Peer 1: 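Let me begin by handing over the structure; questions about it come next.
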Amino acid sequence: MSNNMEPIYNHKNVEKPLYELWEKKGAFAPKKGGKKPFTIILPPPNANGRLHIGHAMYVLEDIMIRFHRMRGDPTLWLPGADHAGILTQVVYERKLEKKGKSRHDLGREEFFKQTYAFTQENKKQMYEQLRAMGFSLDWTREKFTLDPEISKAVYKTFKTLYEDGLIYRGTRMINWCPRCATVLSDLEVNHKDKESNLWFLKYPIKNSTDQIIVATQRPETMLGDTAVAVNPKDKRYKNLVRKTVVLPLMKREIPIIEDSYVDPSFGSGAVKITPAHDPNDYEIGERHKLPSIQVIGLDDKMTKEAGDYSGLDKYASRKQIIARLEELNLLEKTERYKTSVGICERCGTVVEPQVSKQWFVAVNKTGKSGKNLAKDAIAAVRSKKIKITPTRFEKIYFNWMENIHDWCISRQLWWGHQIPVWYRGDEVYVGSEHPPGEAWKQDPDTLDTWFSSGQWPYTTLGWGQTDDSDFKRFYPTTVMETGYDILFFWVARMIMLGIYATGKIPFETVYLHGLVRDEKGQKMSKSKDNVIDPLEVAEKYGADAVRMALVFGTGAGNDANVGEHKIKGMRNFSNKLWNIGRYVIDTKPEKVKENPRQTKEDQWILRELDEVVNSVTRGIESYHFGIAAEVLYNFIWHDFADKYIEDSKNRREEAQPILEHVLLTSLKLLHPYMPFITEDLWQKMKEAKMIEEKEDLIVAVWPTK
RNA sequence: GGGCACUUAGCUCAGUGGUAGAGCACUGCGUUCACAUCGCAGGGGUCGUAGGUUCAAAUCCUACAGUGCCCACCA
């Protein structure tokens, strides 16, 4: 009996040195060889803060990566980080705000410089956190979305799409965030229910005592009305159609028109039309060639077109307009009304529909090349070239793709890829570098952050570079593992852009995981004080315990509830395994019987082990990570430790070879889940000359039945 | 308005056709012997409700109820 091992497992002695050992030996790099590689590109975390517990779900990727590495596949897991356009700009602006500054005090160049430094600092810390979790990422291939070669590739795609007629600049109705002072795509607008009013306004008919009543949620937009619309089938208004309304407060004469969009059963059946500030009204305006009058400015203050209300905040003007109409006896009635307002996903400000000139991707148009972004992306999933698991998300994907609208990709931000377009008078130049000649001015806007991250699977691999050997070898990648909350934002765009730019699918399988919630199933948030910092708990209970807690007993694609209790339970499991190791290694008997006859118990545990090898292998292959984890947990604790080891105590000298065999195989099976403790015990078994394999566990051979 | 998911032991959740499971919590017993971050024994569920398919349903189908989420340009 050697008695070297402490009675309690201490992860602090183990984790860091082992990670360094793996990294030093180059274990994370894909090995050479002709076998089909297994590749995952890490969904790049946003370089504007610390990692949260959601990022710890990367463990699912590490499980697959470590599994395939042990099976001998050339295995690549490529790390990187995202500059995260609007979000990072908002975060950094808030920091400046605390110092009483705005980005305008710094100027564009300095703001970019400081924000860049900020992201690089965050990136460094995040990478340390990923290492602490044991993630076996190939750091030699690390990428950042603003790296020069990545940017070049992003611009190349922009140019190709532009020349293909699938990127255009146009004046459209868009979502405007007054706080961020930028346009947002439809996806970046969230909808929130709000108790509000429906105001019924009386609009006088010209040369008549008649009035027409219109209902609105936003009285302030009336200043920009250019028509009143009724349904052509609505008999109530037949005699008023084509008459003229004198718009109250503005005295502007506007027509009463017919449009089948109007629902006679809602409100009064007559709709005020404000083409400049409502998407539906905008379309009606286009159909009827109505003028569009912008009465709300980009700063959310009323414009000079708003007459007496010019310069007022839009909400203040609403109050005044209501009061004034009441004085004039032009307010028919007010009803309580539940409405939904669009708010900026990043800062929570109510967005304002505005008409603006922006860059768009025509997602459901066929280009000169014959390619069609949405159609081709639908076909790839329909034909099962790309599989989405769980499959219920395929339906959601199809539904979204089939109803997709053009994608606004310009942003009035300073942080991000500046749009690769230059203007000189009427001339437009599109390219990745400054055009030859003088007096060109680059478009001041930047690209939607998802336009660059949407190209991540191939830009990270050196697509279009002089050295594109990684692209040739690892693309298409094997699995894209990410949260279902970014299916549209990211996964859909990667499929569209990937197929478009490279002619190949970006990945074969999409695996979507759920959100991490607290132990009661509530969303984690600072205000509820239920946030779990993955690094804090990893420090306390060990990274292995945190990893196991995240997968244990969770179903594919479902939200996972994780609390400290569960992590503690998995820490106890680490300790159980440690003590199994102590028993087998540290208390090994002096004499061991070679080739003893097998008892019933021996046969039983070996049979169980075979089954576990099978179900863990099948479980990981079929993305049932939670089930495989439970199988291992139960086998190791309740079969191996509680039953077999207890039984072995009476016949230790005979049982030792089987004890070693079962432990060794268990370590292999558990390694993808709990890499540190398994590797540590493996090394100890090696020292004790219980293992013939020369390699470290991270590259040991996966067991077969 | 459309869609998706969930409803299983006190709590949090796995389990998708073949005798009801895990973790935590609970009850009783157990201190030398790998581990009290432990062991042994035990209590506890008509698997949301109502129908249907099947030799067999928590598991498939239909309806209903409750909860959560996503999408959507009805003023």
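From a predicted model like this one, the values you see are computed outputs, not experimental measurements. Every chain is numbered from 1 and lettered A, B, ... according to where its sequence line falls, protein lines coming before strand lines.
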Peer 1: Checking contacts here: which listed nucleotide (B:A75, B:U12, B:U37) is nearest the side-chain heavy atoms of A:Asn561?
Peer 2: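 Of the candidates, B:U12 comes closest.
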Peer 1: Once you round it to whole Å, what is the distance between C1' of B:C35 and CD1 of A:Ile8?
Peer 2: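 Between C1' of B:C35 and CD1 of A:Ile8: 8 Å.
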Peer 1: Nearest of B:A34, B:C71, B:A5 to any side-chain atom of A:Glu646?
Peer 2: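 The closest nucleotide is B:A34.
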Peer 1: Please determine, for the side chain of A:Asn579, which listed nucleotide (B:A34, B:A75, B:C70) has the closest atom?
Peer 2: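 Closest of the options to the side chain of A:Asn579: B:A34.
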Peer 1: Measure from the side-chain N and O atoms of A:Glu15 to the backbone N and O of A:Ile677, and report whether any donor-acceptor pair falls under 3.5 Å.
Peer 2: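 No.
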Peer 1: Within this structure, what is the CH2-to-P distance between A:Trp199 and B:A75, rounded to whole angstrom?
Peer 2: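 In whole Å, B:A75 P and A:Trp199 CH2 are 13 Å from each other.
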Peer 1: Side-chain donor or acceptor of A:Lys649 under 3.5 Å from a matching atom on the base of B:A34?
Peer 2: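 Checked by distance alone, the answer is yes.
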Peer 1: Can you tell me how the ring of A:Phe640 sits relative to the ring of A:Phe635, calling it parallel under 30°, perpendicular over 60° and tilted otherwise?
Peer 2: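 Rings of A:Phe640 and A:Phe635: parallel, as their planes differ by under 30°.
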Peer 1: Please name the nucleotide paired to B:A34 by Watson-Crick or G-U wobble geometry with both distances under 3.5 Å, or report none.
Peer 2: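 When the pairing criteria are applied, nothing turns out to pair with B:A34, so the answer is none.
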Peer 1: Which part of the nucleic acid, if any, lies within contact of A:Val214, taking any heavy atom under 4.0 Å across all strands shown: a base, the sugar-phosphate backbone alone, or nothing?
Peer 2: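 Result for A:Val214 = nothing.
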Peer 1: Which part of the nucleic acid, if any, lies within reach of A:Gly553 when heavy atoms closer than 4.0 Å are counted: base, sugar-phosphate only, or nothing?
Peer 2: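 Touches sugar-phosphate only.
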Peer 1: Mind checking who B:G1 pairs with, Watson-Crick or G-U wobble, both distances under 3.5 Å?
Peer 2: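 The answer is B:C71, by the H-bond criterion.
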Peer 1: Measure from the side-chain heavy atoms of A:Tyr261 and tell me the nearest of B:G23, B:C74, B:A34.
Peer 2: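 So the side chain of A:Tyr261 is nearest to B:C74.
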Peer 1: Considering every strand and a 4.0 Å limit on heavy-atom distances, what is the contact class for A:Asp281: base, sugar-phosphate, or nothing?
Peer 2: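 Contact class for A:Asp281: none.
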Peer 1: Once you apply a heavy-atom cut-off of 4.0 Å, does A:Tyr633 come out as touching a base, just sugar-phosphate, or nothing?
Peer 2: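 If one applies the 4.0 Å heavy-atom cut-off, A:Tyr633 turns out to touch the sugar-phosphate alone, with no base involved.
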Peer 1: In whole Å, I'd like the distance from the OH atom of A:Tyr623 to the P atom of B:G15.
Peer 2: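 Taking atom P of B:G15 as the reference, OH of A:Tyr623 is at 17 Å.
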Peer 1: Regarding A:Ile645, tell me which of base, sugar-phosphate or nothing describes its non-hydrogen contacts under 4.0 Å with the strands shown.
Peer 2: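 A:Ile645: base contact, heavy atoms under 4.0 Å.
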Peer 1: Can you find a donor-acceptor N/O pair under 3.5 angstrom joining the side chain of A:Lys395 to the base of B:C4?
Peer 2: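 Checked by distance alone, the answer is no.
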Peer 1: Does A:Glu6 contact B:A34 through a side-chain donor or acceptor facing the base, at a distance under 3.5 Å?
Peer 2: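 Not at all, since no donor on one side and acceptor on the other fall under 3.5 Å apart.
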Peer 1: Just to be sure I understand the rule, does A:Gly542 reach a base, reach only the sugar-phosphate, or reach nothing, if contact means heavy atoms closer than 4.0 Å?
Peer 2: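 Nothing, no heavy atom under 4.0 Å.
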Peer 1: Who is the Watson-Crick or G-U wobble partner of B:A25, with both distances under 3.5 Å?
Peer 2: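 Pairing partner: none.
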Peer 1: Report which part of the nucleic acid A:Arg571 touches: base, sugar-phosphate, or nothing (heavy-atom distance under 4.0 Å, all strands).
Peer 2: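 Answer is base: heavy atoms of A:Arg571 come under 4.0 Å of a base.
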Peer 1: Under 4.0 Å, counting only non-hydrogen atoms across every strand here, what does A:Ala641 touch: a base, just sugar-phosphate, or nothing?
Peer 2: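 Contact class for A:Ala641: base.
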Peer 1: If you check the A:Asn634 side chain, which of B:C38, B:A22, B:A75 turns out closest?
Peer 2: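 Looking only at heavy atoms from C-beta outward on A:Asn634, the closest nucleotide is B:A22.
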Peer 1: Are any of the side-chain nitrogens in A:Lys375 or A:Glu402 under 4.0 Å away from the carboxylate oxygens of its partner?
Peer 2: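 No.
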Peer 1: Using whole Å, report how far CG of A:Asp586 lies from C1' of B:A34.
Peer 2: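 That distance rounds to 9 Å.
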Peer 1: Between A:Asp680 and A:Lys684, is there a side-chain N and carboxylate O pair less than 4.0 Å apart?
Peer 2: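 Salt bridge between A:Asp680 and A:Lys684, a charged N being under 4.0 Å from a carboxylate O: yes.
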Peer 1: Give a yes or no on whether A:Lys568 atom NZ has more than 12 heavy-atom contacts from other residues, nucleotides or ligands under 6.0 Å away.
Peer 2: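 No - once you tally the heavy atoms of other residues, nucleotides and ligands closer than 6.0 Å, there are 12 at most.
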Peer 1: So among A:Phe625, A:Tyr633, A:Phe573, which one has a ring-ring contact (aromatic ring centres under 6.0 Å, His included) with A:Phe552?
Peer 2: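 One option only clears the test, and that one is A:Tyr633.
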Peer 1: Under 3.5 Å for both donor-acceptor distances, Watson-Crick or wobble: does B:U62 have a partner, and if so which one?
Peer 2: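 Its partner is B:A50.
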Peer 1: When you match A:Val262 and A:Asn558 each to their closest nucleotide on RNA chain B, which lands nearer the 5' end?
Peer 2: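 Taking each residue's closest nucleotide, the earlier one in sequence belongs to A:Asn558.
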Peer 1: Mind calculating the distance between CZ (A:Arg218) and C1' (B:A75) to the nearest angstrom?
Peer 2: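 It works out to 11 Å between those atoms.
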Peer 1: Rounded to the Å, how far apart are A:Ile627 CD1 and B:C13 P?
Peer 2: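 Rounding to the nearest Å, CD1 of A:Ile627 and P of B:C13 are 17 Å apart.
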Peer 1: Does B:C38 have its OP1 or OP2 closer than 4.0 Å to a side-chain nitrogen or oxygen of A:Asn572?
Peer 2: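 Looking at the OP1 and OP2 atoms of B:C38, one of them is under 4.0 Å from a side-chain N or O of A:Asn572.
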Peer 1: Under 4.0 Å between a side-chain N/O of A:His638 and OP1 or OP2 of B:G23, yes or no?
Peer 2: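 Answer is yes, contact under 4.0 Å.
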Peer 1: Between A:Tyr397 and A:Ile495, is the side chain to side chain contact (heavy atoms under 4.5 Å, CB included) condition met? List the steps.
Peer 2: CA-CA 11 Å; A:Tyr397 170 87; A:Ile495 295 175; 3.6 Å; yes
Peer 1: Please tell me if A:Tyr484 has a side-chain N or O lying less than 4.0 Å from either OP1 or OP2 of B:A5.
Peer 2: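 No, A:Tyr484 has no side-chain N/O under 4.0 Å of OP1/OP2 on B:A5.
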Peer 1: For the pair made of CZ in A:Phe393 and C1' in B:C4, what is the distance, rounded to whole Å?
Peer 2: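 Between C1' of B:C4 and CZ of A:Phe393: 8 Å.
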Peer 1: Where each residue is assigned the nucleotide of RNA chain B containing its nearest heavy atom, which of A:Pro7 and A:His565 is assigned the position nearer the 5′ end?
Peer 2: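 Upstream on the strand: A:His565.
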Peer 1: Just to be sure I understand the rule, does A:Tyr337 reach a base, reach only the sugar-phosphate, or reach nothing, if contact means heavy atoms closer than 4.0 Å?
Peer 2: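 Since only primed, P, OP1 and OP2 atoms lie under 4.0 Å of A:Tyr337, the category is sugar-phosphate.
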Peer 1: Output the single nucleotide from B:A34, B:A75, B:C40 whose closest atom is nearest the side chain of A:Ile580.
Peer 2: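 Shortest atom-to-atom distance from the side chain points to B:A34.
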Peer 1: Would you say B:A22 has OP1 or OP2 under 4.0 Å from some side-chain N or O of A:Lys566?
Peer 2: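 No, because none of the side-chain N or O atoms of A:Lys566 sits under 4.0 Å from OP1 or OP2 of B:A22.
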Peer 1: Contact class for A:Gly569 (heavy atom, under 4.0 Å): base, sugar-phosphate, or nothing?
Peer 2: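 Answer is nothing: A:Gly569 stays at 4.0 Å or more from every strand.
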Peer 1: Going by purine N1 to pyrimidine N3 plus the second Watson-Crick contact, or the G-U wobble pair, all under 3.5 Å, which nucleotide sits opposite B:A20?
Peer 2: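 Its partner: none found.
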Peer 1: Report yes or no: is the cationic atom of A:Arg493 (NZ for Lys, CZ for Arg) under 6.0 Å from the centre of the six-membered ring of A:Phe488, at an angle within 45° of the ring normal?
Peer 2: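 No - A:Arg493 does not lie over the ring of A:Phe488 by the 6.0 Å and 45° rule.
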Peer 1: Roughly how far apart, to the nearest Å, are B:G43 and B:A5 at atom C1'?
Peer 2: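 These two C1' atoms come out 34 Å apart once rounded.
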Peer 1: For the side chain of A:Asn575, counting heavy atoms from C-beta on, which of B:C35, B:A34, B:A75 is nearest?
Peer 2: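 Side chain of A:Asn575 sits closest to B:C35.
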Peer 1: In whole angstrom, give the distance that lies between atom CZ of A:Phe552 and atom C1' of B:C24.
Peer 2: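 To the nearest whole Å, that distance equals 11 Å.
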